[in-house]
Participant: 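Below is the structure I would like to discuss, written out as structure tokens.
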Amino acid sequence: MVDAPEGIEGQGFFATSLDKVIGMARANSLWPLPFATSCCGIEFMATMGSNYDLARFGSERLSFSPRQADLLMVMGTIAKKMGPVLKQVYDQMAEPKWVIAVGACASSGGIFDTYSVLQGIDRIIPVDVYVPGCPPRPEQIIEGVMKIQDLARKESLRRRNSDEYKKMLESYNIETQ
Amino acid sequence: MSQLDTNYKDIFVSTETIDGEIATLNLGPTHPATHGVFQNVMKVDGERIISSEPTIGYIHRAFEKLAERRPYNQITPITDRLNYCSSPINNMGWHMTVEKLAGIEVPKKVDYMRVIIMELARIADHLVCNSVIGVDTGALTGFTYIFQEREKIYEMYEEVCGARLTTNIGRIGGLEREFSPVFMEKLKKFLKEFPAKFQEFDNLLTRNRIFMDRVIKAGPISAEKAMSYGFTGPNLRAAGVDYDVRVMNPYSSYEDFDFIIPVGQDGDTYDRFIVRQEEIRQSLGIIQQAIDGMPEGKHYADVPSFYLPPKEEVYRSMEALIYHFKIIMGETPIPVGEVYHAVEGANGELGYYLISDGGRTPYRLHFRRPCFIYYQAYPEMVKGAMLSDAILTMSSMNVIAGELDA
Amino acid sequence: MSMTELNNENVLQVLNETFGEAILHPETQYGMLSVEIPADRNTEIVGCLKDHKDISMGFLTDVCAVHYPEQKGRELAVVYHLHSWTKNFRMRIKCFLPAEKPEITTMTGLYNSANWMERETFDFYGVQFTGHPDLRRILNMDEMDYHPLLKQYALEDETRDDKDDSFFGR
């Protein structure tokens, strides 16, 4: 169960600020898009299983359609051939969206310092949380999701429209409306 | 087998199309049904597939070029990531290849220990494949039950080597340490409790009317076609050919063990499912035989130039220190030569072709990856089938993206 | 003569009797027979091994290539591994090609499994398989203009500029 945010309580009413409530709602109902390419994908399947159970954190419904997902979990090596596909999936997601890079290959290319592997997905899309490991244990993946929950809970409601955010997206050549 | 061909040909050509149009469907690299990243551009007429063209390479990590840069004992982590659902088999196959090239004879105890670990890996891989066939038909319950059992196998790997998935188990010349008492206890508990849980999973799917109607005659292949396409492993055995590298070219003392090779009839999805189920049971039997018949001996071969000497000796004797230094720096005395060694991976014949020129890294290392070779037959297996059958065929062939692209 | 048991000697004898001086440098490495044949006779010799009623090498296990930049005129070696389903016999066949004109006939007429294996060899080494139904890159990106596994090309991506060599000991 999730604790209620701070506020003034009375008989039949509860007064708090809007961003606290929206932050709480967003953080506890993140719908992930598992972009699982390789070995980290199998550890993700173990995380979704009943032993480690990511569903307790609100990620009950995995969405494979980017239009319906909040959290893009990139798990596994991204080759240069796959880069445009990843960018397209990221572009299709609606704001607010978060990206978590699971594993060493997604964070920085991992042990594959070769001509065909993209050395880290942060070369093409902005990343919020990096989870190192090869593959990371399910507990580490859950900690990564908990950090995203922290970010979602504390995020200001105007952040996605601010100039700083727009400038960051432009530096990745992502078009903003 | 010819009955299967005429079945599809009869229904396929419809002469009464109101508005006949062939649509191009992209079963793209990111899709919930493709377990791994590969793409299929299909031409469909309604729900029937007319032709399909696979594109792979979305996770090409250049293992073969990477292996030319790394010393022999540093290549084991790369072999892990080929078929990552059963990575100990890849590791052991690599160690056996190098031992064949260098002429190292390992004690029988090492063979038996390797057999236990390889069969556990085979069970883990077949469990993933079968539960995923269930998921693709909509039966998610089996998946949740089975992944709980896989956690027990992961715990056993952790006892041996410290890692869950990409294990890097073993060394050239043996294993890094004896099996601890905790491992043996966990293994015996697993052998006692797993068959009952596995039977629950079996009861869910194997004689389930809905499941059988879904998967029988989905994606069949005849034995001659399968042999011509170079199929190996459970996919070939489901088509009726009893070819198993453990029996044809035994390695690691497999000739001491008594097991049967399950064989199917039509090569369709149901046969592949049943063959894998039966292979899990056979693997449990092999592990039991290995525990019962474990010989005495050391867990490594006496080759100090390849296998690290014990740490106490490294601190005291000069030769041990020099061997330790040279092995860690990669200066192992591998002779010039070329060798091809094959092991029975979870998907078929996993081959290593190694050419050495006497240096510290291989001159050429080529992996004969079974997934890559049998995935070529996919367009032919789904020609004329419904789209949902094509999804089932893809998942029942157990295509692991790491092994497809390497 | 009918052979119930195949071993390196009698298969080599059959090959020598049928093809004579085309079979060069036979050797046995770690128990496997390995012969070299001229590149323009590959389908003929492998086809004979496949159709011979006693040998029947019906399984093309592997096709790969090796680059030897020092051997002028014979830089690229295409290596075939064959296996007989019924007699459990393996052997290796090598064909050497010059680097300027690496052309060899395809095996897709004899074995279906050669299709993608030859595409992979083309992708990595640039070996042209004449008669292949669809020879194009399979694992690398289509826009790539060089064949990466040749020895003169580096492993890493040459275009990146953010690696600090002092950290990597270079």
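Here is how names work: the chains are called A, B, and so on, in the same order as the sequence lines, proteins then strands, and each is numbered from 1.
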Participant: Are any side-chain N or O atoms of B/T332 and backbone N or O atoms of B/F306, one a donor and one an acceptor, separated by less than 3.5 Å?
Facilitator: no
Participant: Need one label for B/T232: side chain, backbone, both or neither, based on atoms under 4.5 Å from any heavy atom in chain C.
Facilitator: side chain
Participant: Applying a criterion of heavy atom separation less than 4.5 Å, what residues of residues 27-38 of chain C form contacts with chain B?
Facilitator: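 The residues closer than 4.5 Å to chain B, in numerical order, are C/Q29, C/Y30, C/M32.
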Participant: Classify the ring geometry of B/F231 against B/Y374: parallel below 30°, tilted from 30° to 60°, perpendicular beyond 60°.
Facilitator: tilted
Participant: Which one of B/S228, B/G230, B/P54 has the most heavy-atom pairs closer than 4.5 Å to chain C?
Facilitator: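 When all of B/S228, B/G230, B/P54 are compared, B/S228 has the most.
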Participant: Checking heavy atoms, do the side chain of B/P335, its backbone, both or neither come under 4.5 Å from chain C?
Facilitator: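 Only the side chain of B/P335 comes within 4.5 Å of chain C.
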Participant: Quick check on the structure: residues of residues 70-78 of chain B within a heavy-atom distance below 4.5 Å of chain C, by number.
Facilitator: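 Expected list: none.
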Participant: State whether B/Y340 and B/K100 meet the cation-pi test: NZ (Lys) or CZ (Arg) under 6.0 Å from the six-membered ring centroid, and within 45° of the perpendicular axis.
Facilitator: no
Participant: Does a side-chain heavy-atom distance below 4.5 Å link C/R90 with C/H81?
Facilitator: no
Participant: Quick one: side-chain hydrogen bond (donor to acceptor under 3.5 Å, both in side chains) partners of C/T105, sequence neighbours excluded?
Facilitator: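 Partners of C/T105 under the side-chain hydrogen bond (donor to acceptor under 3.5 Å, both in side chains) test: none.
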Participant: May I ask you to decide if B/N90's main-chain N or O and B/Y352's side chain share a donor-acceptor pair within less than 3.5 Å?
Facilitator: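 Yes: the side chain of B/Y352 pairs with the backbone of B/N90.
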Participant: Between B/I59 and B/F38, is there a side-chain heavy-atom distance shorter than 4.5 Å?
Facilitator: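 No - every pair of side-chain heavy atoms lies 4.5 Å or more apart.
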Participant: Tell me, side chain or backbone of C/A77 under 4.5 Å from chain B's heavy atoms, or both, or neither?
Facilitator: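 Neither part; nothing is under 4.5 Å.
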Participant: Are the side chain of B/K65 and the backbone of C/P148 linked by a donor-acceptor contact shorter than 3.5 Å?
Facilitator: yes
Participant: Could you tell me if B/Y243 and B/E349 have a donor-acceptor pair between their side chains, going purely by distance under 3.5 Å?
Facilitator: yes
Participant: Does anything in residues 351-363 of chain B form a salt bridge (Lys or Arg N to Asp or Glu O under 4.0 Å)? List the pairs, not counting sequence neighbours.
Facilitator: B/E331-B/R360
Participant: If I measure from the heavy atoms of chain B, does C/V79 come under 4.5 Å with its side chain, its backbone, both, or neither?
Facilitator: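 Side chain only.
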Participant: Heavy-atom distances under 4.5 Å only: say whether C/R92 touches chain B with side chain, backbone, both or neither.
Facilitator: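 Just the side chain, heavy atoms under 4.5 Å.
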Participant: Taking atom CG of C/L49 and atom CZ of C/F19, what is their separation to the nearest 0.5 Å?
Facilitator: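 Rounded to the nearest 0.5 Å, the CG-CZ separation comes to 7.0 Å.
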Participant: Does any backbone or side-chain atom of B/L365 lie under 4.5 Å from a heavy atom of chain C? Answer side chain, backbone, both or neither.
Facilitator: neither
Participant: Which answer fits C/H67, side chain, backbone, both or neither, if we ask what part of it has an atom under 4.5 Å from a heavy atom of chain B?
Facilitator: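 C/H67 touches chain B through backbone heavy atoms alone.
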Participant: With under 30° as parallel and over 60° as perpendicular, where do the rings of C/F129 and C/H132 fit, or are they tilted in between?
Facilitator: tilted
Participant: Between C/Y68 and chain B, which part of the residue has a heavy atom less than 4.5 Å away: side chain, backbone, both or neither?
Facilitator: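 Looking at C/Y68, backbone and side chain both touch chain B.
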Participant: Grab the two heavy atoms, one from B/A301 and one from B/E105, that are nearest each other, plus how far apart they are.
Facilitator: CB-O, 3.5 Å
Participant: Side chain, backbone, both or neither: which part of B/Y58 has a non-hydrogen atom closer than 4.5 Å to chain C?
Facilitator: neither
Participant: With only heavy atoms counted, which part of C/R119 is less than 4.5 Å from chain B, the side chain, the backbone, both or neither?
Facilitator: neither
Participant: On the 0 to 90° scale, with breaks at 30° and 60°, tag the C/Y153-C/Y146 ring pair as parallel, tilted or perpendicular.
Facilitator: tilted
Participant: Of the listed residues (B/I56, B/I355, B/V339), which shares the most heavy-atom pairs with chain C below a 4.5 Å separation?
Facilitator: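 So the answer, after comparing B/I56, B/I355, B/V339, is B/I56.
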Participant: Check each atom of B/Y229 against the heavy atoms of chain C and say whether the ones under 4.5 Å are side chain, backbone, both or neither.
Facilitator: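 Both parts, heavy atoms under 4.5 Å.
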Participant: Is B/R369 close to chain C through its backbone or its side chain, or both, or neither, when contacts mean heavy atoms under 4.5 Å?
Facilitator: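 The answer is the side chain of B/R369.
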Participant: Please evaluate residues C/Y80 and C/C95 with respect to the criterion side-chain contact (heavy atoms from CB on, under 4.5 Å), reporting the C-alpha separation (whole Å), side-chain torsions for both, the decisive distance (0.1 Å), and the verdict.
Facilitator: CA-CA 9 Å; C/Y80 298 98; C/C95 309; 4.0 Å; yes
Participant: Could you please spell out the steps behind the salt bridge (Lys or Arg N to Asp or Glu O under 4.0 Å) verdict for B/E338 and B/R364?
Facilitator: CA-CA 9 Å; B/E338 47 186 86; B/R364 169 87 169 110; over 6 Å; no
Participant: With only heavy atoms counted, which part of B/L66 is less than 4.5 Å from chain C, the side chain, the backbone, both or neither?
Facilitator: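 Looking at B/L66, backbone and side chain both touch chain C.
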